[in-house]
Amino acid sequence: MRNIALRLMFDGGAYHGFQRQKNGVTVQEKLEDAVFAITGGRTPVLGCSRTDAGVHAKSYVAMFSSEVGIPMFQLPKALNSALPDDIRVLQAKIAPEAFHPIFSAKEKTYEYTIVNRRCNDVFRRAYAWFYPIPLDVQRMRDGAVHFIGEHDFSAFMAAGGTAKTTVRHITRLDIDEKDGIIRIRITANGFLYNMVRIITGTLVYIGNGKLNSTDVPALIAAGDRRRVGMTAPPQGLMLLSTVYPNFTFEEKVDEAE
């Protein structure tokens, strides 16, 4: 059996996250059905992140094991023929025997988009949080600095998280704004359940004056979920990339195909 890694993108609006659920359709379910349709074998498809319901991914890594004889450069087209239009496999590649989409990852980058205008943008409503109250982006940037580094982020994990440790290392947290569109981009060695959405909600509280930028160190140290910001809505969140130390997809593809 060979480990076959896939790089894909998906619009999460119609799905209850990546991981299989008893009460809703998921991306994992659709991928496993497509693998079965093409290979004839029922096999689990492992993903690099569980992702919440409604969350999107621009570059997501998944893996399954199979003896399928289809050349790797033809496998994406074959799988896409069995997938809905909101899930597209971009690349396929043989992965090392010890490779795992989650445990082999070195870092992940997420981006959260906020429409901070008086009127929502109808073309962004499924991919951004519409927040009409003016936000002070510089205050948000001042607060973001305090999240960088290795910390216990237990205050920024939603109930239901099952991580063995709540310590994570954030290496970058950038906030850009143009014409009322705010993008928060965060890179870390891993994330807790709802961590990016809660950090985003906390930064919004800083931007609207409910919290001060200098409050962040104390909020992290207290470890109390009740003291930090709200959980931002899922549709504004997108997984941009996952980096592996000894594995990459080198070939470029036409992602519009």
Side-chain angles (χ1 to χ4, degrees), residues 1-106 108-111 126-127 162 190-191 193 196 234-244 246-257:
M1 300 284 280
R2 300 183 298 174
N3 289 335
I4 300 174
L6 306 173
R7 187 169 76 86
L8 57 137
M9 62 166 58
F10 59 82
D11 180 329
Y15 302 103
H16 287 241
F18 178 84
Q19 191 170 306
R20 273 188 177 270
Q21 307 287 335
K22 294 180 179 180
N23 60 345
V25 179
T26 66
V27 177
Q28 184 181 36
E29 177 184 338
K30 292 297 184 180
L31 280 171
E32 289 177 352
D33 288 347
V35 169
F36 175 70
I38 299 305
T39 70
R42 280 288 178 190
T43 182
V45 176
L46 306 177
C48 65
S49 174
R50 62 184 291 178
T51 70
D52 301 327
V55 173
H56 316 290
K58 185 175 182 179
S59 182
Y60 186 101
V61 177
M63 186 190 78
F64 67 97
S65 297
S66 176
E67 291 294 349
V68 62
I70 301 174
M72 291 299 102
F73 75 93
Q74 292 181 342
L75 186 57
K77 184 176 181 180
L79 290 171
N80 287 337
S81 70
L83 284 166
D85 290 342
D86 51 8
I87 304 173
R88 292 291 89 179
V89 176
L90 305 173
Q91 294 172 278
K93 182 179 179 179
I94 302 300
E97 183 177 350
F99 179 80
H100 190 285
I102 293 179
F103 303 126
S104 299
K106 178 183 178 181
K108 296 176 185 175
T109 298
Y110 281 90
E111 183 175 85
Y127 306 102
T162 58
F191 294 93
Y193 182 42
V196 178
Q235 74 272 13
L237 185 61
M238 180 176 295
L239 175 62
L240 291 185
S241 65
T242 305
V243 175
Y244 300 92
N246 299 308
F247 182 79
T248 185
F249 291 90
E250 299 91 352
E251 303 85 359
K252 293 183 179 181
V253 295
D254 180 4
E255 296 187 357
E257 185 175 343

Which atom pair, heavy atoms only, marks the closest approach of [X] to [Y]?
X	Y	value
Ala37	Ala82	CB-CB, 4.1 Å
Ala5	Ala95	CB-CB, 4.1 Å
Ser104	Ala98	OG-O, 3.9 Å
Ala14	Asp86	CB-OD2, 4.0 Å
Ala78	Ile70	CB-CD1, 4.4 Å
Pro76	Ala92	CG-N, 3.8 Å

### Query
Would Phe99 and Val61 count as a side chain to side chain contact (heavy atoms under 4.5 Å, CB included) if you check the C-alpha gap in whole Å, the side-chain angles of each, and the deciding distance to 0.1 Å?
CA-CA 11 Å; Phe99 179 80; Val61 177; 4.2 Å; yes

Output the distance between atom [atom1] ([X]) and atom [atom2] ([Y]), rounded to the nearest 0.5 Å.
X	Y	atom1	atom2	value
Phe10	Met238	CZ	CE	9.5 Å
Phe191	Lys108	CZ	NZ	8.0 Å
Arg7	Ser241	CZ	OG	10.0 Å
Asn23	His16	CG	NE2	6.0 Å
Leu239	Thr51	CG	OG1	8.0 Å
Arg2	Ser65	CZ	OG	10.5 Å

### Message
Considering only residues two or more places apart or on different chains, which pairs with a residue in residues 33-43 satisfy side chain to side chain donor-acceptor pair (under 3.5 Å)?
### Response
Asp33-Arg42

Donor-acceptor contact below 3.5 Å, side chain [X] vs main chain [Y]:
X	Y	result
Lys93	Thr248	yes
His56	Gly12	yes
Tyr60	Thr242	no
Gln19	Gln28	no
His100	Leu46	no
Glu32	Val45	yes
Arg88	Asn80	yes

Determine whether [X] and [Y] make a side-chain contact, defined as any pair of heavy atoms from C-beta on separated by less than 4.5 Å.
X	Y	value
Leu79	Leu6	yes
Ser49	Tyr110	yes
Leu75	Val89	no
Tyr15	Lys30	yes

### Query
Is it the case that Tyr127 and Asp11 place a side-chain donor and acceptor less than 3.5 Å from each other?
yes

### Query
Can you check side chain to side chain contact (heavy atoms under 4.5 Å, CB included) on Leu90 and Ser59, steps first, answer last?
CA-CA 9 Å; Leu90 305 173; Ser59 182; 5.8 Å; no

### Summary
So the salt bridge (charged side-chain N to carboxylate O under 4.0 Å, His left out) pairs with at least one residue in residues 97-106 (sequence neighbours excluded) are none

### Task
For Leu8 and Leu31, run side chain to side chain contact (heavy atoms under 4.5 Å, CB included): C-alpha distance rounded to whole Å, both residues' side-chain angles, the deciding distance at 0.1 Å, then the answer.
CA-CA 10 Å; Leu8 57 137; Leu31 280 171; 4.1 Å; yes

